[in-house]
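Beneath this line is the structure, given in structure tokens, with notes to follow.
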Number of protein chains: 2
Amino acid sequence: MNKKEQKIFRAWIALIRTNQAALDNVEDCLKKEGLPPLGWYDVLLEINRETDKCLRLQDIGQRVLLSKNNVTRLIDRLEKAKLVVRKKCPEDGRGVFAYITHKGQNMLKRMWPIYREAVKTHFAQNLEEHEINALITIYEKIKIK
Amino acid sequence: MNKKEQKIFRAWIALIRTNQAALDNVEDCLKKEGLPPLGWYDVLLEINRETDKCLRLQDIGQRVLLSKNNVTRLIDRLEKAKLVVRKKCPEDGRGVFAYITHKGQNMLKRMWPIYREAVKTHFAQNLEEHEINALITIYEKIKIK
DNA sequence: CCTATATAGTTGCAAATGTAACTATATTTA
DNA sequence: TAAATATAGTTACATTTGCAACTATATAGG
């Protein structure tokens with residue numbers, strides 16, 4: 001393994017461990033406040049961003065990188081918690097929309113301040129502008145494929 | 001949310017999604033070759049780096065960021081696969097060492113070329129030197145706490 | 001049109017994870 | 001030194017995930 005490869009691997013491990021550590025910390029913050037996990041926020045936010053306030057399950061999967069069976073089950077939980085409702089898609093008989101409910105929007109509002117603080121303290125704390133930029137462009141490059 | 005916060009959040013999402021996408025891809029590569037998951041490699045590698053070829057379970061947990069019950073169970077699986085053996089710690093009656101076996105070292109050797117190629121293609125492909133450096137320093141800063 | 005194939009979503013089962021309780025040994029402190 | 005507290009590891013139970021099979025609808029090719 002040459003010098004460059006060594007660096008690549010250090011960076012790779014860095015990515016994995018950083019992500020894990022930061023994610024663990026942020027999840028802890030939410031849990032301490034009795035709030036649901038980050039995955040719920042992710043999905044609710046994606047739906048809420050849409051002007052129709054709904055998304056096809058397949059689109060949710062693509063955005064938050066979940067396999068389709070896990071989308072089904074996450075939406076199950078969100079629906080049971082009344083944060084979301086399912087509706088058949090009229091244009092495609094196979095499709096299902098998940099609509100965010102008023103309660104779901106409230107949940108976003110409740111979670112946001114905690115989430116925001118947690119990310120600031122456990123992730124952004126010591127980061128320089130150029131490191132933040134680097135992360136953004138790295139993602140752009142990796143997700144392309 | 002001001003401009004800077006917005007950037008922080010884009011970077012935060014970037015970190016999460018990048019990690020997820022790259023990890024999914026690399027795990028797929030290993031699975032296609034009939035090899036065990038990345039977590040096994042991580043642990044085996046940490047043990048193998050030690051001159052004694054063993055590590056306390058608690059130390060494993062700290063290095064690969066696993067909670068202690070999950071360390072117990074991962075070592076259970078590794079031991080069942082004969083890649084590792086447990087031995088009581090003589091200095092501390094509560095402690096347990098996990099020793100890597102010859103078979104475990106072979107597994108490292110088998111996994112490495114696949115792992116290495118996978119990381120290169122799914123992670124390092126389009127990355128510039130300065131982005132790699134950024135990831136490394138970001139990790140250093142985040143893990144400190 | 002009809003058959004073959006692909007896509008969207010769901011479900012069952014096995015494996016992995018989180019949480020909390022539990023056992024056993026160490027350490028502290030009164 | 002005895003009692004209280006802390007630490008290392010394991011285990012039980014509930015939740016979540018991964019994988020493969022399954023249903024239903026859509027699309028493509030003959």
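Lettering of chains follows the sequences in order, A, B, ..., and the numbering in each one begins at 1.
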Quiz item: Can you find a side chain N or O atom of A/N69 that sits less than 4.0 Å from OP1 or OP2 on C/dT11?
Solution: no
Quiz item: Quick one: is C/dA15 close enough that its OP1 or OP2 comes under 4.0 Å of any side-chain N or O from B/R77?
Solution: no
Self-check item: Length of the NZ-P vector between A/K80 and C/dT10, whole Å
Solution: 15 Å
Quiz item: D/dC19 P sits how many Å from B/K32 NZ, rounded?
Solution: 12 Å
Quiz item: Using a heavy-atom distance cut-off of less than 4.0 Å, which residues of residues 89-99 of chain A contact DNA chain C?
Solution: A/R94, A/G95, A/V96
Practice problem: Measure from CD1 on A/I75 to C1' on C/dT10 and round the result to the nearest Å. | Solution: 13 Å
Exercise. Just call it for A/K31: base, sugar-phosphate, or nothing, with non-hydrogen atoms closer than 4.0 Å on any strand.
Key: sugar-phosphate
Quiz prompt | Centroid-centroid under 6.0 Å between B/W112 and A/F9 rings | solution = yes
Quiz item: Quick one: B/K88 NZ to C/dT23 P, roughly how many Å, whole number?
Solution: 15 Å
Quiz prompt | Flag side-chain contact, heavy atom, 4.5 Å: B/P36 against B/M107 | solution = yes
Practice problem: Report the distance from atom NE2 of B/H122 to atom CG of B/L23, rounding to the nearest 0.5 Å. | Solution: 11.5 Å
Quiz prompt | Minimum side-chain heavy-atom gap A/P37-A/E27 below 4.5 Å | solution = yes
Quiz item: How about B/F123 and B/V26: do any of their side-chain heavy atoms sit closer than 4.5 Å?
Solution: no
Quiz item: B/D76 CG to C/dA16 P: how many Å, rounded?
Solution: 11 Å
Quiz prompt | Atom-pair distance (CD on A/Q20; P on C/dT17), nearest Å | solution = 10 Å
Quiz item: Closer to the 5' end of DNA chain C via nearest nucleotide, is it A/D28 or A/T72?
Solution: A/T72
Quiz prompt | Within residues 47-58 of chain A, residues whose heavy atoms come under 4.0 Å of DNA chain C | solution = A/R56, A/L57, A/Q58
Quiz item: Salt-bridged, A/E129 to B/K3, with N to O below 4.0 Å?
Solution: no
Exercise. Classify the side chain of B/R73 and the base of C/dG18 as holding, or not holding, a donor-acceptor pair under 3.5 Å.
Key: yes
Self-check item: Interatomic distance where CG belongs to B/L74 and P belongs to D/dG9 [whole Å]
Solution: 14 Å
Quiz item: Any Lys/Arg nitrogen of B/E46 or B/R49 sitting under 4.0 Å from an Asp/Glu carboxylate oxygen of the other?
Solution: yes
Quiz item: Nearest-Å distance, CG (A/L30) to P (C/dG18)?
Solution: 15 Å
Quiz item: Between B/K88 and B/F97, is NZ or CZ placed under 6.0 angstrom from the six-membered ring centre and within 45° of the ring axis?
Solution: no
Exercise. Please determine if B/R17 and A/D42 form a salt bridge, counting it only when a charged side-chain N lies under 4.0 Å from a carboxylate O.
Key: yes
